[in-house]
J.: 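Pasting a structure here, questions to come.
Quick note: residue numbers are just sequence positions, from 1.
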Amino acid sequence: MKIGFIGLGHMGSAMAANLVKAGHDVTVFNRSPEKRRALLELGAHEAGSVVDACHGEVIITMLADDTAVADVALAKYGIVENLAKGAIHLSMSTISVALSKHLAETHARAGQRFVAAPVFGRPDAAAAAKLFIVAGGEAAAVEACKPLFDVLGQKTFPINMEPAAANLVKLSGNFLLAAAIEALGEAIALVGKAGIDRRAYVDLLTSTIFPVPAYKIYGGLIAESRFQPAAFAAPLGFKDIRLALAAAESLRVPMPLGSLLHDRFLRLLAQGGDSLDWAAIGGLAAQDAGDAPTAKRASAPAVVGYPPT
């Protein structure tokens, strides 16, 4: 397929590379030109602007937040203004329910199609094409994107005809992951202050009652205070909790744990934790207990494995 790809961060660059390797005709754009070089060497084409990336059947956006997506999609010389009628904007970013609804309506008025397909998986999973994709949109549009999903992920879950439903599912999943991180942090702080080996404790938990990737990965990071380099930075986790709470408020769904997580992230960022992995909120309980181990910084190996992005 002839596609454009906008957003070449840790996730986007790995995803775009897989599309190029699979033989798709990929034109890439990123506001920081240096991030395009490795993809151009693989065989991607370079777009000098958003307009230049909008000449294919599909334009994919993989960007950090609502502001970044709105800037490339809705601004003058953006996607809506330049995408052909019938072409698809495939938004794989984690964005708000409100923006997803607005994009769907705006593209429909322009005679274009919009599919929301946020992903679960950290950068290593993106590189290995092992993402889990949650797709929302009109059935024919989702089906048209299937060749791309097959390259990018290990399984796709068509969730609803409304694109925004996929974004809500993704936000709810990140809420659950953040809640697991907080719970792990409190439990590890409890046993750690009692002198029990933190790593051995996590190994026990993940070999018995919680044999799941999230507990294995985040439990290990918390036990070792290994929060850099960040595979998913704390400000992005904070953003996702805020978006989940905004959706909950609009639906009148109380989320007491969501409010707690909001304040935990706010505390972490207030203490200068912007460059840390979002798992660092799991280290706050040990700080509260006066028993925080020395953090391992940038020399630590990259995080391997599981959601999110």
Side-chain angles (χ1 to χ4, degrees), residues 1 3-7 11-12 15 19 56-70 72-74 78-80 83 85-121 125-126 129-177 236 239-251 253 255 258 307-309:
M1 297 175 70
I3 61 178
F5 200 109
I6 298 176
M11 294 292 291
M15 294 163 69
L19 292 167
E57 304 156 70
V58 178
I59 180 78
I60 299 173
T61 50
M62 189 62 179
L63 297 158
D65 53 29
D66 278 29
T67 299
V69 174
V72 301
L74 301 173
I79 293 172
V80 172
L83 197 63
K85 290 187 182 301
I88 299 170
H89 175 192
L90 175 57
S91 170
M92 304 192 78
S93 310
T94 302
I95 59 173
S96 70
V97 170
L99 178 59
S100 187
K101 288 180 177 178
H102 182 59
L103 286 169
E105 293 165 357
T106 304
H107 280 297
R109 286 196 296 270
Q112 303 152 353
R113 296 183 287 175
F114 178 69
V115 173
V119 302
F120 287 109
K130 295 295 184 183
L131 297 170
F132 293 102
I133 301 169
V134 184
E138 189 265 328
V142 172
E143 182 64 23
C145 295
K146 188 176 183 299
L148 307 179
F149 296 151
D150 289 345
V151 170
L152 297 171
Q154 58 181 300
K155 188 168 184 179
T156 299
F157 299 85
I159 203 74
N160 198 286
M161 293 283 285
E162 294 295 327
N167 298 106
L168 182 60
V169 168
K170 175 62 195 298
L171 292 171
S172 72
N174 279 13
F175 157 73
L176 287 170
L177 284 169
L236 296 177
K239 176 261 298 184
D240 289 351
I241 294 302
R242 288 189 290 105
L243 295 183
L245 287 171
E249 182 176 340
S250 70
L251 293 167
V253 176
M255 294 184 73
T309 180

J.: Minimum heavy-atom separation for Ala247 to Val97, with atom names?
T.: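 Nearest heavy atoms, Ala247 then Val97: CB-CG2, 4.2 Å.
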
J.: Would the distance check show the side chain of Lys170 and the main-chain N or O of Val119 forming a donor-acceptor pair, the cut-off being under 3.5 Å?
T.: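 Yes: the side chain of Lys170 pairs with the backbone of Val119.
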
J.: Ile6: which residues meet the side-chain contact (heavy atoms from CB on, under 4.5 Å) condition with it, sequence neighbours left out?
T.: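 Testing Ile6 for side-chain contact (heavy atoms from CB on, under 4.5 Å), a comparison that skips the adjacent residues, returns Phe29, Val50, Ala53, Ile59, Thr61, Leu63, Val72, Ile79.
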
J.: For Leu83 versus Ile88, what's the shortest heavy-atom pair and its separation?
T.: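 Taking every non-hydrogen atom into account, CD2-C, 3.9 Å.
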
J.: Hey, what do you get for CG (Leu171) to NZ (Lys239), rounding to the nearest 0.5 Å?
T.: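 One finds 7.5 Å between CG of Leu171 and NZ of Lys239.
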
J.: Could you list the residues that satisfy side-chain contact (heavy atoms from CB on, under 4.5 Å) with Ser172, not counting sequence neighbours?
T.: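 Scan of Ser172 (side-chain contact (heavy atoms from CB on, under 4.5 Å), adjacent residues dropped) gives none.
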
J.: If you look at every heavy atom in Gly258 and Ile241, which pair is closest and at what distance?
T.: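 Taking Gly258 first and Ile241 second, the nearest heavy atoms are O-CG2, 3.6 Å.
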
J.: Decide side-chain contact (heavy atoms from CB on, under 4.5 Å) for Met92 and Leu131; before the verdict, give the C-alpha distance in whole Å, the side-chain angles of both, and the deciding distance to 0.1 Å.
T.: CA-CA 11 Å; Met92 304 192 78; Leu131 297 170; 5.8 Å; no

J.: Applying ring-ring contact (aromatic ring centres under 6.0 Å, His included), which residue pairs with at least one partner in residues 141-173 are found, sequence neighbours left out?
T.: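 Non-adjacent pairs meeting ring-ring contact (aromatic ring centres under 6.0 Å, His included): zero.
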
J.: For residues 90-119, which residue pairs qualify under salt bridge (Lys or Arg N to Asp or Glu O under 4.0 Å), counting only residues two or more places apart or in two chains?
T.: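 Residue pairs with at least one partner in residues 90-119: there are none.
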
J.: Counting only N and O atoms by type, is there a donor-acceptor contact under 3.5 Å from the side chain of Lys85 to the main-chain atoms of Ala110?
T.: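 Yes; at least one donor-acceptor contact below 3.5 Å.
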
J.: Where is the tightest heavy-atom contact between Phe114 and Ser91, given as atom of each residue plus distance?
T.: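 Taking every non-hydrogen atom into account, CE1-CB, 3.6 Å.
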
J.: Would you compute the distance between atom CG of Leu148 and atom CG of Leu19 and round it to the nearest 0.5 angstrom?
T.: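 Going from the CG atom of Leu148 to the CG atom of Leu19 covers 6.0 Å.
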
J.: Show the atom names and distances, to 0.1 Å, of all donor-acceptor pairs under 3.5 Å that link a side chain in residues 137-144 to residues at least two apart or in another chain.
T.:
unit_1	atom_1	unit_2	atom_2	d
Glu138	OE1	Ala140	N	3.4
Glu138	OE1	Ala141	N	3.1
Glu138	OE2	Ala140	N	3.1

J.: Sequence neighbours left out, what passes side-chain contact (heavy atoms from CB on, under 4.5 Å) with Asp66? Give chain and number order.
T.: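 For Asp66 the side-chain contact (heavy atoms from CB on, under 4.5 Å) partners, ignoring immediate neighbours, are Ile95, Ser96, Leu99, Leu243.
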
J.: Could you pull out all residues at least two apart from Gln112 that satisfy side-chain hydrogen bond (donor to acceptor under 3.5 Å, both in side chains)?
T.: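 In terms of side-chain hydrogen bond (donor to acceptor under 3.5 Å, both in side chains), with neighbours along the sequence ignored, Gln112 is linked to His107.
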
J.: Rounded to the nearest 0.5 Å, what separation is found between the OG1 atom of Thr94 and the CE atom of Met11?
T.: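 The CE atom of Met11 is 8.5 Å from OG1 of Thr94, to the nearest 0.5 Å.
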
J.: Evaluate Val69 against Leu103 for side-chain contact (heavy atoms from CB on, under 4.5 Å), listing each step before the verdict.
T.: CA-CA 10 Å; Val69 174; Leu103 286 169; 3.9 Å; yes

J.: Strictly by side chain to side chain donor-acceptor pair (under 3.5 Å), give each pair with a member in residues 148-162 just once, sequence neighbours left out.
T.: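 Found Lys146-Asp150.
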
J.: Return the set of residues passing side-chain hydrogen bond (donor to acceptor under 3.5 Å, both in side chains) with Ser93 (not counting sequence neighbours), or none when no residue passes.
T.: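 Once residues adjacent in sequence are excluded, Ser93 has no partner under the side-chain hydrogen bond (donor to acceptor under 3.5 Å, both in side chains) criterion.
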
J.: Going by side-chain contact (heavy atoms from CB on, under 4.5 Å), name the residues that satisfy it together with Ala166, two or more places apart in sequence or in a different chain.
T.: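 side-chain contact (heavy atoms from CB on, under 4.5 Å) check on Ala166 returns Ala116, Pro118, Val134, Ile159.
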
